[in-house]
Amino acid sequence: MDPETQSMKLTFNIHGGDFTHAGQPSSEVKKVLKQLGIDGKTIKGIVIALYEAEVNVVAHAWKGTVEVEIDESKITIIVRDEGPGIPDIELAMQAGYSTASKKVREMGFGAGMGLPNMKKNTDELIIESEVDKGTTVKMINYFL
Amino acid sequence: MKLREIAAVLNATISCGAERIDDEVEMGYSSDLMSDVLTLDTDNLVLITGLVNLQAIRTAEMADIRAIVLVRNKKATDQMLELACENGMCILESPYSLFKSSGLLFQAGLKPIY
Ligand SMILES: Nc1ncnc2c1ncn2[C@@H]1O[C@H](COP(=O)(O)OP(=O)(O)OP(=O)(O)O)[C@@H](O)[C@H]1O
Ligand SMILES: [Mg+2]
C-alpha cells in the first residue's frame, strides 16, 4: 500500500496455452481483497471477471499481462495481450459466440460465455482490440 | 444435505477436506464446462463434474464453491488436491457416471439451481 496515494499495485504475466497457471493472478487478487475486508459478493464478481479474462489470454492469445490497481473506492484491472485480436467485438460479446479450439474445450472452456460474464460481473468493461496485434481489457469495480 | 450424506449416496471417497464433511450444501450443479459454472450466482453448492484438471479447482475457488464431486471414477491429481486443500475445499470421488450421480443426489433431496 502506497501511503501517499492510498493505492496498491500488482502485476502478473500470463502465457498463452498455459492452463496450469491460469487463475494465479485471480487467486492472489482474491487474497488481497479478503485481507482488505471487501465484502464477499463484490470479491466474487471481481475475481470471476479477472479469471475469465485470464483464461481468454491463455485460450486465445500468445502472452499477456495483468495490471491491478486497488484504491479506497475501487479496483481497476487491465489485462493486455499480444495475440490475434478480436475482429468484431460486438459479435464476440454475444453469449455463445466462440472460436475456441478443441484443446480449449477439453480444458472445460469455450462456451462463448466469458465476455458476457465479464460484463455482468464488472461495473465498467472496456475492450480494445487490434487484429494481429492484441487485445486490452479494462475492468473497473467499485467497492460498496 | 450434508457432504457426509452425499459421499454415502455416491459411494464416494473423500480425498480432501474430510474435516468439512458435516457442512451443509443446499444445491448441486453438474457440468464439465467451467464456462457455465462461472456464470452461476449461487455459491453454497456442490459441483458435480467429470472434468479432472486444475481449472475445475480454480473455477470452484473463484466461484466460492466449497465442494466438488469428481465422477466416472476419476482421481484428482496431487496438484489439484494441493490447491483444493489450500482453499479449504472438500473433494469427493465417485465411481458413478455424471448422470447417475446427479440422479441419485436429486432423488436424495439435493436441489437444482434451475
Ligand atoms: N484476448 C482475446 N484475444 C483474442 N480473441 C479473443 C480474446 N478474448 C476473446 N476472444 C474472442 O472472443 C470469443 C468470445 O470470448 P468469450 O470469452 O466470450 O468465449 P470463449 O472464451 O470462447 O468461451 P468461454 O469464455 O465461455 O470459455 C472467443 O472465442 C474469441 O474468438
Ligand atoms: Mg472466454
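Nothing here was measured: the structure is a model prediction, and the numbers come from that model. The sequence lines fix the lettering, A, B, ..., with proteins before strands; numbering per chain opens at 1.
Annotation for B:K2: atom NZ counts as buried by contact number, over 12 foreign heavy atoms lying within 6.0 Å. Residue B:E24 qualifies as enclosed at atom CD: its count of foreign heavy atoms under 6.0 Å is above 12.
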Show me the donor-acceptor pairs within less than 3.5 Å that the side chains of residues 59-69 of chain B make with the rest of the protein, sequence neighbours left out.
residue : atom : partner : partner atom : Å
B:T59   : OG1  : B:Q55   : O            : 2.7
B:E61   : OE1  : B:R58   : NH1          : 3.0
B:E61   : OE2  : A:S27   : OG           : 2.6
B:D64   : OD1  : A:K30   : NZ           : 2.7

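If you measure heavy-atom distances from A:Y51 to chain B, the contacts under 4.5 Å come from the side chain alone. Neither the backbone nor the side chain of B:N87 comes within less than 4.5 Å of any heavy atom of chain A. For A:Q24, the parts sitting under 4.5 Å from any heavy atom of chain B are the backbone and the side chain alike.
Scanning both residues, B:L51 and A:M107, for their nearest heavy atoms gives CD2-O, 3.6 Å.
For the set A:G40, A:G108, A:G45, the entry with the most heavy-atom pairs within less than 4.5 Å of chain B is A:G108.
At a heavy-atom cut-off of under 4.5 Å, chain B is reached by A:M113, A:N117, A:K120 from residues 112-144 of chain A, listed in order of number. Contacts between residues 28-40 of chain B and chain A, counted as heavy-atom pairs separated by less than 4.5 Å, involve B:D32, B:L33, B:M34, B:S35, B:D36, B:L38, B:T39, B:L40. For residues 70-86 of chain B, the interface with chain A (any heavy-atom pair closer than 4.5 Å) comprises B:Q79, B:E86, sorted by residue number.
Separating the NE2 atom in A:H21 from the CG atom in B:L54 is a distance of 8.5 Å, to the nearest 0.5 Å.
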